[in-house]
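The structure under discussion appears below in the form of structure tokens.
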Amino acid sequence: MSEEAAPDGLELPVEELPGGLRAAVEAILMVADRPVTDEQVAAALDRPAGQVNAVLVDLQREYDGYTGSGSQGAEHSVPRGFELRNIAGGWRIFSRKHFASVVADFVLDGQSARLSQAALETLAVIAYRQPVSRARVSAIRGVNVDSVVRTLLQRGLVVELETDPETGAVLYGTTALFLERLGLGSVDGLPRIAPHLPGLESLGEYDETTY
Amino acid sequence: MSEEAAPDGLELPVEELPGGLRAAVEAILMVADRPVTDEQVAAALDRPAGQVNAVLVDLQREYDGYTGSGSQGAEHSVPRGFELRNIAGGWRIFSRKHFASVVADFVLDGQSARLSQAALETLAVIAYRQPVSRARVSAIRGVNVDSVVRTLLQRGLVVELETDPETGAVLYGTTALFLERLGLGSVDGLPRIAPHLPGLESLGEYDETTY
Amino acid sequence: MAAAPAVEKPAEAGARQVFEVQLTNFSGPFDLLLNLISRRELDITEIALAQVTDEFIAHIRRIQAAEGEWKLDEASEFLVVAATLLDLKAARLLPAGAVEDAEDVALLEARDLLFARLLQYRAFKEMARHLAARLEEEDARHPRDVPLEPHFTRLLPELLWRHSPEEFAAIAAKVLAPREEQPAAVGIGHLHAPTVSVGEQALLLQELLQGRGALSFRHLTEDAASRLVLVARFLALLDLFRDGAVSFEQAAPLSELVVRWTAEDERWTAEADEDDDERGAV
């Protein structure tokens, strides 16, 4: 193990924290909102990719119920309700496949076939202001829009376009599915609403910077 | 990834699946994007809420490294890289606190821009006085709070609750997101203000009239 | 109020600096007051408040100079606090025993209210500190918040969409339209009661008292339709007393307060009172 001193910001080397490197990798896997590669995890932990890969494979086995090399002892154990999958080079935690029906019940509970007013309004802002960050949409609508944007993402009506080079914020835009629903060929086909909005740009800027 | 488990739509009771009820609960936690209640999990699993709650509490302990009643044996074990917390009225998986710096790279779009001192004070007044009008918050802080309240609305930390039937003033209160961001189960979890201030109740009355 | 400290009257650039410093230091009169008190390590439950009065006044004069003009609502809060502080200080300057009882009472009340509001503010400030600490601690944990797994997304019910592009554009126009500029000054649209004029209440008191000579405070306020009117009437009495238009008699502490009309002129004019600009309406 060619471990060097602590990486940036971290006071202790992860090996000295409860759970060690293994738990550090788990922490990343649990909250990463997209698949992560060996290299990304290795970079964040400042450890060699090979070492990190070994931990990932080991975690995968442990979640599946093989604890041979894990920290829990050498026996066969019960699989967890989640699994670690490596798809196209990236690792991601999913709910375990054979619980799909109960998970589906949970996911579909309370889902509506219609968009809420809040979702419609948020979609309208994104459509006319794209590419736009959540913070800015929030500022325009005057409420937090995180969960509504998630709904729109799930519905495939909006998509993450890019990352704002300056702020690092994710910028959203509408999708082909959105245009399809509206029966439009392109975003340019959206009816103009410009006349009302001379001072809007500066308003948006202002709101964004006030928090 | 070895075992190809039962297909979707299976009718086996979860207890007969590998991992059983415990793993089924875990599977649901994996797809939850907000705190979930005992009842929501119980409904998806068609099991009594009490039984589900016991499983959740047990999982929480296991993740924290106490495996006394778990399926892994009776020893102390290593904490996992994630934790299960019961906040804002529901259960949710979080990365473990001491891996904050490691995880930060993977959750770029964090909404955690700092609140200003003015915003914090205003938030405190609203939290302890809700439902409360802007005028009253202003009176307590001695300054106009309109723009600060707007910021808090945008951040989703406060919400317009209702209109005072007598005065027509909009009354504000805190949101579930507020509880979530503070890691609280409910507003009752806020520390008591009493030790800091005897006789606060009657004072509030005074402030309202002097404004 | 005393003249502004000469030190603080430099060139434009200097004034600007002062302005910025002030703004980062505190927000609002209570914040400033607490700040001054803590800097002198004074206990706010002590009369020591009088010692920070000069500093307080100097501070608000400096802000005023730097900012050019006051926003009315903020100014009034500062001025109320400043006025109360000055009253307290004035009382401390008088030889012991030289103050009349009634004035003492009014002063004590003003002081208590100021203390109470200051205590209240301090309590919330402390809570804000607590919230900040909690928020920071919580920032170290990140919730699992991942996109729904694709095979569940497909199970979502087919979206019902019934908006034409024009309808959709109308929604956008509504949401994107500039919001009504919320006034930077205090909006009064949400104020419940109509404003009550202290001056009017003073005239009313005058009529009552001139007709009957002396009346108890209880009697003078028993027909007050709201707390607001009650407060305004109380302030009016204080104004009348200051101008020597009435006198107070109280046999013992907490006993009935009797108010007697003592002014000689036929019409005491509330409008002539300079103080009314500050608290002419509540």
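Chain naming here is simple, since letters A, B, ... match the order of the sequence lines and numbering starts at 1 in each.
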Value rounded to 0.5 Å, distance of CZ in A:F82 from CZ in C:R144: 9.0 Å
Which answer fits [X], side chain, backbone, both or neither, if we ask what part of it has an atom under 4.5 Å from a heavy atom of chain C?
X: A:L184; answer: side chain
X: A:R34; answer: neither
X: A:L157; answer: side chain
X: A:L29; answer: backbone

Top contributor to chain C contacts, counting heavy-atom pairs under 4.5 Å, from A:G183, A:P191, A:A27: A:P191
So which atom in [X] and which in [Y] form the shortest heavy-atom distance, rounded to 0.1 Å?
X: A:Y128; Y: C:A169; result: OH-CB, 3.2 Å
X: A:A124; Y: C:F168; result: CA-CZ, 3.4 Å
X: C:H163; Y: A:L182; result: O-CD2, 3.6 Å
X: C:P157; Y: A:L108; result: CD-CD2, 4.3 Å
X: C:V146; Y: A:R92; result: CG2-NH2, 3.8 Å

Indicate every side-chain donor-acceptor pair of residues 114-123 of chain A with a distance under 3.5 Å to a residue at least two apart or in another chain.
from, atom 1, to, atom 2, distance (Å)
A:S116, OG, A:A119, N, 3.0
A:Q117, NE2, A:E121, OE2, 3.2
A:E121, OE1, A:R141, NE, 3.4
A:E121, OE1, A:R141, NH2, 3.3
A:E121, OE2, C:K174, NZ, 3.4
A:T122, OG1, A:A118, O, 2.8
A:T122, OG1, A:R141, NH1, 2.9

Beyond-backbone contact of [X] with [Y], side-chain heavy atoms, under 4.5 angstrom:
X: C:D145; Y: A:V31; value: no
X: A:V107; Y: C:L148; value: yes
X: A:L190; Y: C:P165; value: no

Donor-acceptor contact present, side-chain C:E149 to main-chain A:S95, <3.5 Å: yes
Residues, nucleotides or ligands: over 12 heavy atoms within 6.0 Å of C:E167 CD: yes
Criterion salt bridge (Lys or Arg N to Asp or Glu O under 4.0 Å) on C:E158 and A:R181, from CA distance to verdict: CA-CA 12 Å; C:E158 179 79 4; A:R181 293 287 172 171; 3.1 Å; yes
Sequence-distant partners of A:Q130, side-chain hydrogen bond (donor to acceptor under 3.5 Å, both in side chains), two or more places apart: A:T174
Mutual orientation of the aromatic rings belonging to C:W161 and A:F178 [parallel < 30°, tilted 30-60°, perpendicular > 60°]: perpendicular
